[in-house]
Amino acid sequence: MKKILITRILPDKVLDAARAKFDVTVRDDVTPLNVNEAADALQTYDGILPTLGDAFDATCFEQAGKPRCKILANFGVGYNHIDATAAAKAGVFVSNTPGAVTDATADIAMTLLLMTARRASEGERITRAGGWKGWGPVQMLGTHVTGKTVAIIGMGRIGKAIAKRCHYGFDMNVVFYNRSIVQEPGVPAEQMPTLEAALGAADFVVVAVPGSKETHHLIDGNAFRDMKSTGIFINISRGDVVDEPALISALQNKVIHAAGLDVYEQEPFVPEALRALDNVTLLPHLGTAALEVRENMGMMALDNLIAALDGKAPPNKV
Ligand SMILES: NC(=O)C1=CN([C@@H]2O[C@H](COP(=O)(O)OP(=O)(O)OC[C@H]3O[C@@H](n4cnc5c(N)ncnc54)[C@H](OP(=O)(O)O)[C@@H]3O)[C@@H](O)[C@H]2O)C=CC1
Ligand SMILES: O=CC(=O)O
């Protein structure tokens, strides 16, 4: 039986399906594999089902030499923790789970957008603490969402699903910035020629690009200065797409109005300065956290792994 490593506990449905085919080791830990552990896994297992943050970087492939492993079947669409070029050189397939994550992640973007605009987490904290003294017409006034302009940065699968929700659900005007021309944004939407133009046009900015060398700190201090001072910033992509200290400074100095975040530069570390701010909504990377979604992601990753260990190209090879 082929030996595989699953680097986090997955839903039972996925683990049962994996155990029916393979000799499975499941790592019972929520911290990512470090470089040494990742290199060791490449030498020990025929296939690996890694996820967020597991350090399959260039150093790990150098360390592993000629690996036993044939595939890194990533659990998730974002694979910025894997050096796909180094993997290809080492003869290791890399696959991901596109599509399985799209709607759930778009829903979390909308959750953040609404919660932040309407000060929902702040209100919840007050209510839970017994601090609500009664309804008042000028109490806890937030930002109205319907009819406003949203700028989507990265108009791929998730960006388009967010655009659909904004346009059809909230009558919002959609503009976007994307690396290449998008022929079919899925809703009436204007592609902006520059990031600056998109940021400047919007009441809400939602970031949905992949993490990569190219997108590292794409959103920096200048980007926040390009936004309206009433603007609300949402990030569901990867933490390091945003310069976090610049975001904190922009919030503290009222360069922008508020922010809603699902991802952070050094997860699970969330800076105290961010946690101290009332005008931010902070979620613990909940984008795909729904059982059916995690099952679908797992089964998709497993299909990729099975294909590669049968000597075929995985269906979702990146
Ligand atoms: N919070 C969470 O739990 C989740 C987060 N994610 C994150 O969301 C990301 C996006 O996923 P998905 O929509 O499926 O990916 P896609 O590949 O479908 O979309 C990414 C889009 O970003 C664009 N893009 C890439 N680089 C740049 C750039 N430098 N400037 C502007 N646009 C750029 C791409 O443009 P082009 O057309 O040129 O390629 C593409 O349209 C994932 O990579 C992952 O990091 C995903 C799932 C859950
Ligand atoms: O962050 C999750 C992913 O699928 O990427």
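Just follow the structure's listing: the first ligand is 1, and inside any ligand the first atom is 1. Sequence positions, counted from 1, serve as the residue numbers for this chain.
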Hydrophobic clusters here meaning ILVMFWY residues chained together by side-chain heavy-atom distances under 4.5 Å, can you tell me if F93 and I4 are in one?
yes
One finds that the ligand 1 atoms under 4.0 Å from a non-hydrogen atom of N178 are 21 (C), 22 (O), 23 (C), 31 (C), 32 (N), 34 (C), 35 (O), 36 (P), 37 (O), 38 (O), 40 (C), 41 (O)
Interfacing atoms of ligand 1 (cut-off 4.0 Å, heavy-atom, T288)
3 (O), 48 (C)
Below a 4.0 angstrom heavy-atom separation, can you tell me which part of V77, side chain or backbone, both or neither, approaches ligand 1?
side chain
Residue, atom and distance of the protein heavy atom nearest atom 10 (C) of ligand 1 read A208 O, 3.5 Å
Give me the nearest non-hydrogen protein atom to atom 17 (O) of ligand 1 as residue plus atom name, then the distance to 0.1 Å.
R157 NH2, 3.6 Å
Taking atom NZ as the centre, does K317 end up with more than 12 heavy-atom neighbours from other residues, nucleotides or ligands that are less than 6.0 angstrom away?
no
H285: numbered ligand 1 atoms lying under 4.0 Å from its heavy atoms:
1 (N), 2 (C), 3 (O)
Which protein non-hydrogen atom lies closest to atom 31 (C) of ligand 1, naming both residue and atom, and how far is it?
R179 N, 3.2 Å
Is it the case that ligand 1 has an N or O less than 3.5 angstrom from some N or O of T215?
no
Counting heavy atoms only, which part of E267 comes closer than 4.0 Å to ligand 2: side chain, backbone, both or neither?
neither
Looking only at protein heavy atoms, what sits closest to atom 47 (C) of ligand 1 is T105 OG1, 3.4 Å
Just let me know how R238 lines up against ligand 1, side chain, backbone, both or neither, with a heavy-atom cut-off below 4.0 Å.
side chain
Under a 4.0 Å threshold between the charged nitrogen and the carboxylate oxygen, would E184 count as salt-bridged to K160?
no
Atom 30 (N) of ligand 1 sits nearest the protein heavy atom Y177 CE2, 3.8 Å
In plain terms, say whether E122 and R125 are close enough for a salt bridge, that is, a side-chain N and a carboxylate O under 4.0 Å apart.
no
Could you tell me if S212 and N80 have a donor-acceptor pair between their side chains, going purely by distance under 3.5 Å?
no
Under 4.0 Å from a heavy atom of G76: which atoms of ligand 2 are those, numbered in the order shown and with their elements?
3 (C), 4 (O)
Any heavy atom of S212 under 4.0 Å from ligand 1? The part involved is neither
Would you kindly check if the NZ (Lys) or CZ (Arg) of K2 is within the cone defined by 45 degrees around the ring axis of F22 and under 6.0 Å from the six-membered ring centre?
no
Could you find the nearest protein heavy atom to atom 9 (C) of ligand 1 and give me its residue, atom name and distance?
V209 O, 3.7 Å
Any nitrogen or oxygen of I236 lying under 3.5 Å from a nitrogen or oxygen in ligand 1? Just yes or no.
yes
Using a 3.5 Å cut-off on N or O atoms only, is G156 in polar contact with ligand 1?
yes
Relative to the heavy atoms of M155, which atoms of ligand 1 are at a distance of less than 4.0 Å?
41 (O)
Quick one: do D28 and R8 make a salt bridge, cutoff under 4.0 Å?
no
Taking distance alone, with no angle check, do S180 and ligand 1 share an N/O pair under 3.5 Å?
yes
Assess the side chains of T149 and N173: does a donor N or O sit below 3.5 Å from an acceptor N or O?
yes
Is the closest basic N to carboxylate O distance between D240 and R238 below 4.0 Å?
no
Run the salt-bridge test on R165 and D103 with the 4.0 Å N-O cut-off and return the result as yes or no.
yes
shortest atom 13 (O) of ligand 1-to-protein heavy-atom contact is with I158 N, 2.9 Å
Before accepting this row, confirm whether a basic side-chain N of the pair K70/D46 lies closer than 4.0 Å to the acidic partner's carboxylate O.
no
Of all the non-hydrogen atoms in the protein, which one sits nearest to atom 4 (O) of ligand 2, and at what distance?
V77 N, 2.8 Å
Check ligand 2 against H285 and write out every atom of the ligand that is under 4.0 Å from a heavy-atom position of the residue.
1 (O), 2 (C)
May I ask you to decide whether R119 forms a salt bridge with D278, counting only side-chain N to carboxylate O separations under 4.0 Å?
no
Show the atoms of ligand 1 that are less than 4.0 angstrom away from any heavy atom in E214.
28 (C), 29 (N)
Taking both backbone and side-chain atoms of L52, is any N or O found less than 3.5 Å from an N or O belonging to ligand 2?
no
Heavy-atom distances under 4.0 Å are what count here, so tell me which part of V101 touches ligand 2: side chain, backbone, both or neither.
side chain
Close approach, P98 and ligand 1, non-hydrogen under 4.0 angstrom
no
Looking only at non-hydrogen atoms, which of H81, R238, M297 approaches atom 2 (C) of ligand 2 most closely?
R238
Whether the H217 and E265 side chains hold a donor-acceptor pair (N or O, under 3.5 Å, no angle test) is what I'd like checked.
yes
Protein heavy-atom partner closest to atom 7 (C) of ligand 1 - residue, atom, separation in Å:
S237 O, 3.6 Å
For the residue pair N74 / H81, report whether a side-chain donor-acceptor contact shorter than 3.5 Å exists.
yes
Q63 and N36 side chains, donor-acceptor separation under 3.5 Å
yes
Say whether R118 and T143, considering side chains only, have a donor N or O and an acceptor N or O under 3.5 Å apart.
no
